[in-house]
Amino acid sequence: QTVQKEVEEIKRKEEEEEERKAHLREQLTVLSPPSVTLDSVLLCTWTTVAVDAGDGRGSGAGDGRSSAVCYELMMEKGTDGPVVMYSGPNINYSFPIDDLHPGHTYQFYVVASGYGEKGVASPRASLTIPALCPDKPLAPKVASRTKNNVVLKWSTPKDNGSTITNYSLEWDQVSANIMYTA
């Protein structure tokens, strides 16, 4: 009978530990999407989570900020997998917009973890970097020439998120120079 009590006690402790972990994962869930603002840098901020580990190891600060809680700011672009942009205790992160491509849409979300558990990811925030004018193409080069025909070639310039729909070429017959506009 003492063996049965010991088995029951072990089961009870395991159930309590699973309940504690489930409660902790729930507390680690960031409910709001991050706030994403674009200026000279991209700034992401998010809400903190208040954690009570259930074993007397609460967040302590009363504001949800605890050195035991780690936030991961994740970024996704199109079909690319998620990239960890930041991992640490802070509730904001900024980075240069040079890392982002014009005309592309990015998704940001936050995952909190601590005390050996990980919360559910926050809802996603979406940001589209405005497209810019395409770069000017390099001067065209003569690929071949006949008495009545000339074939020109040029490299496609960087589109900067804008669709290039056409090119304009002009021929200056007086000087036989090719004039072009992009």
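Because only heavy atoms are used, hydrogens play no part in the values below, and waters and symmetry mates are left out as well, while side chains stay in.
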Please round to the nearest 0.5 Å and tell me the distance separating atom [atom1] of [X] and atom [atom2] of [Y].
X      : Y      : atom1 : atom2 : answer
Leu43  : Leu38  : CG    : CG    : 10.5 Å
Asn92  : Tyr86  : CG    : OH    : 8.0 Å
Lys158 : Cys133 : NZ    : SG    : 13.0 Å
Ile10  : Lys5   : CD1   : NZ    : 14.5 Å
Leu100 : Thr128 : CG    : OG1   : 11.0 Å
Arg25  : Glu117 : CZ    : CD    : 4.5 Å

How close do [X] and [Y] get, counting heavy atoms only, and between which atoms?
X      : Y      : answer
Ser155 : Pro137 : O-CB, 4.0 Å
Leu42  : Phe108 : CD2-CZ, 3.4 Å
Leu73  : Tyr93  : CD2-CD2, 4.0 Å
Ala112 : Val49  : CB-CG2, 4.2 Å
Tyr71  : Ile91  : CE1-CG2, 4.1 Å
Tyr109 : Ala121 : CD1-CB, 3.6 Å

Is it true that a side-chain atom of [X] and a backbone atom of [Y] form a donor plus acceptor pair closer than 3.5 Å?
X      : Y      : result
Ser122 : Val110 : yes
Asn160 : Pro134 : no
Asp159 : Gly161 : yes

*Should the heavy atoms of other residues, nucleotides or ligands under 6.0 Å from NZ of Lys118 be counted, would the total exceed 12?*
no
*asked:* Would you say His23 and Gln27 are linked by a side-chain donor-acceptor pair, where the criterion is simply a distance under 3.5 Å?
replied: yes
*Does one hydrophobic cluster hold both Val83 and Leu127, with members joined at side-chain heavy-atom distances below 4.5 Å?*
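Linked, Val83 and Leu127 end up in one cluster.
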*asked:* With clusters defined by side-chain heavy atoms of hydrophobic residues (ILVMFWY) lying less than 4.5 Å apart, directly or transitively, does Trp46 cluster with Val69?
replied: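 They do share one cluster, since a chain of ILVMFWY contacts under 4.5 Å joins Val69 to Trp46.
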_Looking at Glu16 and Arg12, is there a salt bridge between them, counting it only when a charged N and a carboxylate O are closer than 4.0 Å?_
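Judged by the 4.0 Å cut-off on N to carboxylate O distance, Arg12 and Glu16 do form a salt bridge.
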_Glu14 and Lys11 ion-paired at < 4.0 Å_ = no
Heavy-atom distance under 4.5 Å between the side chains of [X] and [Y], does that happen here?
X      : Y      : value
Arg124 : Met74  : no
Leu152 : Val142 : yes
Cys70  : Ser87  : yes

*Could you check His101 against Lys77 for side-chain contact (heavy atoms from CB on, under 4.5 Å), going step by step and ending with a plain yes or no?*
CA-CA 10 Å; His101 301 288; Lys77 178 188 94 174; 4.0 Å; yes
*Compute the ring centroids of Trp154 and Tyr167, then answer whether they are less than 6.0 Å apart.*
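Centroid separation for Trp154 and Tyr167: below 6.0 Å.
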*asked:* Test side-chain contact (heavy atoms from CB on, under 4.5 Å) on Ser162 and Leu132; report intermediate values, then the result.
replied: CA-CA 6 Å; Ser162 297; Leu132 302 172; 5.6 Å; no
*Not counting sequence neighbours, list each pair that qualifies as a ring pair (Phe, Tyr, Trp, His ring centres under 6.0 Å) and has a residue in residues 1-21.*
none
